Engineer: 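A single structure is presented below for examination.
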Amino acid sequence: MRWTQTFIPTLKEVPADAEVPSHQLMLRSGMIRQLMAGAYTFMPLGYRVIRKVSEIVREEMDRAGGVELFMPALQPMDLFERTGRREAFGNVLFNFETKRGHFALGPTHEEVITDLVSREIKTYKQLPITLYQIQTKFRNEERPRFGVLRTSEFLMKDAYSFATSLEQLNVQYDAMYNAYCRIFERCGLAYIPVEAESGPIGGDASHEFMAPADNGEDFVVRCKDCGYAANQERADTGRASAVPAKVDGAAEPNQVDTPNAGSIDDVSKMLKTDPSTFIKTLIYVADDKPVAVLVRGDHEANEGKVRRALKATNVELADEATIVKVTGAPVGFAGPVGIQCPFIADHDVAGIASAITGANAKDAHLIGVIPGTHFELTETHDLRNAAADDPCPKCAAKLEIVHGIEIGHVFKLGTKYSESLDANYLDREEKKHPIIMGCYGIGVSRVVASIVETCHDENGIIWPMNVAPYTVALIPLNVKDEDTMTAATKIYDELTAAGVDVLMDDRDQRPGFKFKDADLIGLPVRVIIGGKGLKEGNAEIKLRTDAEATKIPIGDAVAHVRGLIANA
RNA sequence: CGGGGCGUAGCUCAGCCUGGCUAGAGCGCUGCGUUUGGGACGCAGAAGUCGCAUGUUCGAAUCAUGUCGCCCCGACCA
């Protein structure tokens, strides 16, 4: 492609609306333009990357036994009613009514594919099967952000597996998991597979693939020693239960006035103490019964862990009325001493020798509360989010926390959708069973943004070879010089004939201008033709990551470039 | 949906606090000429309902109220 024949509007200055690197660079390099919040046009350069990533995804899905199809984005609302996801999605689901009925724009396709399978799959002989598509998804994000990393409309590869047994499902799941690893590797994207909040089947039923990035919205907990990695929501800690001995003859706690200081922050400032000496008392409602959850003041309670510790099916933070009823005080002054409901405590609560807690009275806290002495403590649980330096649950080395962008998710669904949508098969004995499903997603547009987010320097993008919009930037220094253009065009034609994607910058601009743009759009190989080099009979060739170009005789330039590509 | 910020030329921004000439700069764009190894230079030019509405005022880009849009933090995110 010749630059003057395509449409790559680069920007010299950073647009004011863009904050994160991928957003800035994708705008500046002319890859994307915004239509409105959360909706972007992929410009020719950006769309080429989308296509390259999509093609890698297709190849690996096919290799893993997937079969591609294409489903409607326009879906009947009725399907979401039947699976109960109309309510689960809530406002995230774009939906609208017309004379013909009530429709949704697909946020994902479990409903549509399960409905399809319920009609077409009848016997165990048709299973197992894995179907996938690459399609636009619609989610009415409350707050789209970070350019193309989080949008209301985005491109996703979604795959669904159907099986007759957990063994079959596990084979399909592993095939997808391995395919995902290959996809991200081929895309040149660093990734961490992490254990994610598990689904209805439990165990290792869900993994997320995270691209480590400073601007990632997710937190990954990982162990550098043994490789354990999990989403912070999910991560266990290797801490042990510790029950403190009762202290005989301990002084009673002192009640102190803390007017209008209902948060740990306020109180710790007022009393000039560290939040780690506080016991945070959160009132939850677990299966309709109030229960207090105690964690150290500088820790965050984890709802999933609370649910599991209580063996409850549903856990949520209590409303204000419940809190007043249980503590006798407004929100912010709860404490374990004298509270009118059961409570459970995190392991680290036991380690506080003398704690500050709410006094269960308005504008008052207790100091000098000794766990196990001033309130009963016979067992402790893992109830909080893992934090840096916690012991690894597998090997006890220190955990670290890194930010990540979720780029893929594999999930053992079980029979949730097949049951609600009647997707069954008949076994050998003609007995009917719900089909066992898995689902597997990759955010294709988010993968593209993640690559930019992680592969750039101060001058621009640094494309990995396999996903670069073009592989070679061919720069004739002076398009008005006949010798230069003759030599450049020859190389352009030969590379193109060899199947190499070349972008020739044939704009009538000064060299410096073109070099800046070449760095910005970040093609992996740069070939410069003209000037002193051409007089010596050389082309100057360098990788985007090289500091200096190598002089190669013009006649060997094409072979040299092909060698660079082959060895990448 | 709560909190904060910003809307002035295609882009980046100044002017607004303290209302007053014909609304500015740099970059970009058009034409001509010179130039050609890291975002050139000269000359000439085009381009703005100052987001929108209402109000205050003799007079509003500037003050007030409302509204829309965008960005950031938080809540939310099968």
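Only this structure's heavy atoms are used, side chains among them; waters, hydrogens and symmetry mates stay out. If you're wondering where the values come from, they're calculated on a predicted model, not measured in any experiment. Convention: sequence-line order gives letters A, B, ...; per-chain numbering from 1.
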Engineer: Using the P atom in both, what is the distance from rC16(B) to rG31(B), to the nearest Å?
Structural biologist: 37 Å
Engineer: Can you find a side chain N or O atom of Arg139(A) that sits less than 4.0 Å from OP1 or OP2 on rC76(B)?
Structural biologist: no
Engineer: Does NZ or CZ of Lys137(A) lie under 6.0 Å from the centre of the six-membered ring of Phe154(A), at an angle within 45° of the ring axis?
Structural biologist: no
Engineer: Between the side chains of Asp422(A) and Ser118(A), does any donor sit under 3.5 Å from an acceptor?
Structural biologist: no
Engineer: Which part of the nucleic acid, if any, lies within contact of Pro9(A), taking any heavy atom under 4.0 Å across all strands shown: a base, the sugar-phosphate backbone alone, or nothing?
Structural biologist: nothing
Engineer: Expressed as a whole number of angstroms, how long is the span from Arg145(A):CZ to rC1(B):P?
Structural biologist: 16 Å
Engineer: Within this structure, what is the CG-to-P distance between Asp505(A) and rG38(B), rounded to whole angstrom?
Structural biologist: 15 Å
Engineer: Is it the case that His109(A) and Gln75(A) place a side-chain donor and acceptor less than 3.5 Å from each other?
Structural biologist: yes
Engineer: Parallel, tilted or perpendicular: which fits the ring planes of Phe138(A) and Phe94(A), with parallel below 30° and perpendicular above 60°?
Structural biologist: perpendicular
Engineer: Does the gap between the ring centers of Tyr177(A) and Phe209(A) come in under 6.0 Å?
Structural biologist: yes
Engineer: Please state the C1' separation for the pair rU62(B) and rG51(B) - nearest whole angstrom.
Structural biologist: 16 Å
Engineer: When all nucleic acid strands are considered with a 4.0 Å heavy-atom cut-off, which category describes Asp481(A): base, sugar-phosphate, or nothing?
Structural biologist: nothing
Engineer: So if I take every side-chain heavy atom of Met36(A) and compare against rC70(B), rU12(B), rG38(B), which nucleotide ends up nearest?
Structural biologist: rC70(B)
Engineer: For Gly531(A) and for Val14(A), locate the closest nucleotide of RNA chain B by heavy-atom distance; then report the residue assigned to the nucleotide nearer the 5' terminus.
Structural biologist: Val14(A)
Engineer: Counting only Watson-Crick or G-U wobble pairs whose two distances fall under 3.5 Å, which nucleotide matches rU18(B)?
Structural biologist: none
Engineer: Between rC27(B), rC72(B), rC13(B), which nucleotide gets closest to the side-chain atoms of Phe146(A)?
Structural biologist: rC72(B)
Engineer: Tell me whether the side-chain N or O atoms of Arg526(A) pair up with the base of rG38(B) as donor and acceptor below 3.5 Å, since no angle test is needed here.
Structural biologist: yes
Engineer: Is it the case that the base of rG39(B) and the side chain of Gln509(A) share a donor-acceptor contact (distance under 3.5 Å, atom types as modelled)?
Structural biologist: no
Engineer: Taking only the P atom of each, what is the distance from rA61(B) to rC52(B) in whole angstrom?
Structural biologist: 11 Å
Engineer: Roughly how many Å apart are rG3(B) and rC11(B), using the C1' atom of each and rounding to a whole number?
Structural biologist: 30 Å
Engineer: Of the candidate nucleotides rU35(B), rC72(B), rG39(B), which contains the atom at the shortest distance from the side chain of Lys480(A)?
Structural biologist: rU35(B)
Engineer: Identify whether any heavy atom of Tyr417(A) sits under 4.0 Å from a base atom; if not, whether one sits that close to sugar-phosphate; answer base, sugar-phosphate or nothing.
Structural biologist: sugar-phosphate
Engineer: Measure from the side chain of Arg28(A), starting at C-beta and using heavy atoms only, and say which of rU12(B), rC1(B), rG39(B) lies closest.
Structural biologist: rG39(B)
Engineer: Mind checking the C1' distance from rG42(B) to rU35(B)? Whole angstroms is fine.
Structural biologist: 11 Å
Engineer: Cut-off 3.5 Å, side chains only: do Asn91(A) and Asn140(A) have a donor facing an acceptor?
Structural biologist: no
Engineer: Measuring only the C1' atom in each nucleotide, how far is rC43(B) from rC50(B)? A whole number of Å is fine.
Structural biologist: 30 Å
Engineer: Should the side chain of Asn478(A) and the base of rG37(B) be counted as holding a donor-acceptor pair, with the cut-off at 3.5 Å?
Structural biologist: no
Engineer: Choose from rG26(B), rA75(B), rA78(B) the nucleotide whose nearest atom is closest to any side-chain atom of Glu13(A).
Structural biologist: rG26(B)
Engineer: NA contact type, Ala88(A), heavy-atom cut-off 4.0 Å: base, sugar-phosphate, or nothing?
Structural biologist: nothing
Engineer: Mind checking the P distance from rC72(B) to rC58(B)? Whole angstroms is fine.
Structural biologist: 44 Å
Engineer: Heavy atoms under 4.0 Å, any strand shown: does Lys532(A) hit a base, just sugar-phosphate, or nothing?
Structural biologist: base
Engineer: Without decimals, in angstroms, what is the distance between Lys514(A) NZ and rU36(B) P?
Structural biologist: 14 Å
Engineer: Taking atom P of rU36(B) as reference, at what distance in whole Å does atom CG of Asp483(A) sit?
Structural biologist: 16 Å
Engineer: Picking from rC1(B), rG37(B), rC70(B), which would you name as closest to the side chain of Asp17(A)?
Structural biologist: rC70(B)
Engineer: Tell me what Gly90(A) touches on the nucleic acid: a base, only sugar-phosphate, or nothing, going by heavy atoms under 4.0 Å.
Structural biologist: nothing
Engineer: With a 4.0 Å cut-off on heavy atoms, is Asn91(A) in touch with a base, just the backbone sugar-phosphate, or nothing at all?
Structural biologist: nothing
Engineer: OP1, OP2 of rC71(B) versus side-chain N and O of Gln34(A): anything below 4.0 Å?
Structural biologist: yes
Engineer: For rU56(B), which nucleotide in any strand shown is its Watson-Crick or wobble partner with both distances under 3.5 Å?
Structural biologist: none
Engineer: Between C1' on rC71(B) and CG on Leu149(A), what's the gap in Å once rounded to a whole number?
Structural biologist: 15 Å
Engineer: Once you round it to whole Å, what is the distance between C1' of rG26(B) and CG of Leu11(A)?
Structural biologist: 15 Å
Engineer: Mind checking whether Tyr40(A) and His23(A) have ring centres under 6.0 Å apart?
Structural biologist: yes
Engineer: If you only use heavy atoms from C-beta on, which nucleotide in rU36(B), rG37(B), rC1(B) is closest to the side chain of Arg143(A)?
Structural biologist: rC1(B)
Engineer: Describe the nucleic acid contact of Arg86(A) in one word from base, sugar-phosphate, nothing, applying a heavy-atom distance below 4.0 Å.
Structural biologist: nothing
Engineer: Rounded to the Å, how far apart are Asp508(A) CG and rC41(B) P?
Structural biologist: 16 Å
Engineer: Once you apply the 3.5 Å cut-off to both distances, tell me the Watson-Crick or G-U wobble partner of rG45(B), or none.
Structural biologist: rC29(B)
Engineer: How close or far is atom C1' of rA78(B) from atom CZ of Phe80(A), stated in whole angstroms?
Structural biologist: 10 Å
Engineer: Using the six-membered ring of Tyr492(A), assess whether NZ or CZ of Arg2(A) lies under 6.0 Å from its centre and within 45 degrees of the ring axis.
Structural biologist: yes
Engineer: Which whole number of Å gives the distance between the C1' atom of rG26(B) and that of rC63(B)?
Structural biologist: 30 Å
Engineer: Relative to the 5' end of RNA chain B, which residue comes earlier, Arg85(A) or Pro144(A), by the nucleotide with the nearest heavy atom?
Structural biologist: Pro144(A)
